[in-house]
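Let me begin by presenting the structure, written as structure tokens, before commenting on it.
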There are 2 protein chains.
Amino acid sequence: MGRWEPGAGGRLREAALELYLEQGFEQTTVAEIGERAGVTARTFFRYFADKREVLFAGSEVLQDTMIAALEGAPESASAMTAVRAALDAVGRVLTDREHSARRQSVIVANAELQERELIKMASLSRALSDGLRRRGVSDPQASLAAETGIAVFRVAFERWVTEPADRDLAQVMRESLDQLRAITAG
Amino acid sequence: MGRWEPGAGGRLREAALELYLEQGFEQTTVAEIGERAGVTARTFFRYFADKREVLFAGSEVLQDTMIAALEGAPESASAMTAVRAALDAVGRVLTDREHSARRQSVIVANAELQERELIKMASLSRALSDGLRRRGVSDPQASLAAETGIAVFRVAFERWVTEPADRDLAQVMRESLDQLRAITAG
DNA sequence: TACGTGATGTCAGTCGCTGACATCAGCTGC
DNA sequence: GCAGCTGATGTCAGCGACTGACATCACGTA
């Protein structure tokens, strides 16, 4: 253990989400976040690149999880089957619906945060298509499968945090993927 | 005519693009842009909401052009035919390849600008799908057609500014759309 | 000719973000 | 046990984006 209360990063994440919910993203200063977490603003910027990034700290883990699942899929599996495995893995990581819903409500209320979310999604998509290409999927198919996978994730995530909480994210994603299949087949 | 040299907004746009090209987006201060345009930084912020927006000032015109073309398409036209008409209209607006290429090179060099571009594209997509729904296209088809149209625009735009300048944007977009059709048909 | 108007300048201030340096508890080697 | 190293944090000064309030001033108009 260090000299200070450990887990400053986690405390900063919680404090930021709370304050963004209570008074809005723009109205919250980094100094306030630090104060609530028991550190200074300077320490905040040692953990997070900027004021938005504190809401997206989990995105690297998410991406690594997706790619690991993609690479763990059987070699014989098709592109979309591998993408489905990646989405299933995401469903196993994102289980705290309350937290996801709160975080999402902050993001949809602020344009800057939506910008950051869009670039994170683009990064996920690129990681997926890169992974598919490593599996031998050729170029237009790899990009299309990746974009489709991310689109399904976004739609399903939106439903999951909005609708009554009777299903988990993995289920909603599978259902959304099936619906997409039905549409494109028609 | 006013007291001052008219066209401050246009001068600011030119000055900003020049400076972003010469020394990079981050290294350029708003005061420098104003100086080159013959105004103060305060005036810059009266024309543009922030330092990035000066590169995206034309996006409203682009969106209005697309929507006008969409609504001008014959009532009997299918969703993708209407989208094609919208893309053709975009091709008629974006004719200065040199300018587009310069602007794009600035954007791809900076993450903040890519974020802004992503949200502009999302806005275009939403406007397109809204327009399609007003034409009576129902919901999953409208969104899919809109996303497809924007995807084609992005891919074709990238090709257009990158490849040797022997075709105009409209041609490249039509070609990209045909290629997509071939892929999805298979 | 006085007055209103609109684009601009000026000024002060807040806040995001950074670099440089100081601090200090614990670990490590002796 | 002591000296020194290390790493997380604090402190401080500073830059630059952005904003609100108010002043200015050429032009059009009554």
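Everything numeric in this text was worked out from a predicted model, so none of it was measured. A, B, ... follow the sequence lines: proteins, then strands. Residue 1 opens every chain.
The stretch residues 9-31 of chain B has no heavy atom under 4.0 angstrom from DNA chain C at all. Listed in residue order, the members of residues 46-59 of chain A having a heavy atom less than 4.0 Å from DNA chain D are A:Arg46, A:Tyr47.
Looking at residues two or more places apart in sequence or on another chain, you find no side-chain hydrogen bond (donor to acceptor under 3.5 Å, both in side chains) involving B:Arg135. Residues satisfying the ring pair (Phe, Tyr, Trp, His ring centres under 6.0 Å) test with A:Phe56, not counting sequence neighbours, are none. Listed by chain and number, the residues in a ring pair (Phe, Tyr, Trp, His ring centres under 6.0 Å) with B:Phe44 are B:Phe48 (sequence neighbours excluded). Applying the ring pair (Phe, Tyr, Trp, His ring centres under 6.0 Å) criterion to A:Phe25, with sequence neighbours excluded, gives A:Tyr20. Remark: A:Asp178 pairs with A:Arg84 by the side-chain hydrogen bond (donor to acceptor under 3.5 Å, both in side chains) rule, at least two apart or across chains.
Residue contacts for B:Ala41: at a heavy-atom cut-off of 4.0 Å it reaches no nucleic acid atom on any strand shown.
Within the structure, side chain to side chain donor-acceptor pair (under 3.5 Å) contacts touching residues 98-112 of chain A (residues at least two apart or in different chains) are A:Gln104-A:Glu117. Among residues at least two apart or in separate chains, side chain to side chain donor-acceptor pair (under 3.5 Å) pairs with a member in residues 66-80 of chain A are A:Glu71-A:Arg134, A:Ser78-A:Thr81.
Candidate nucleotides C:dT18, C:dT8, D:dG20 were compared by shortest atom distance to the side chain of B:Thr43, and C:dT8 ranks first.
Using a 4.5 Å cut-off between side-chain heavy atoms of Ile, Leu, Val, Met, Phe, Trp and Tyr, with links allowed through other members, B:Met121 and B:Leu70 fall into the same hydrophobic cluster.
When the side-chain nitrogen and oxygen atoms of A:Thr40 are compared with OP1 and OP2 of D:dT11, none of them lie within a distance under 4.0 Å.
When rounded to the nearest whole Å, the span between CZ of A:Phe45 and P of C:dC15 equals 12 Å.
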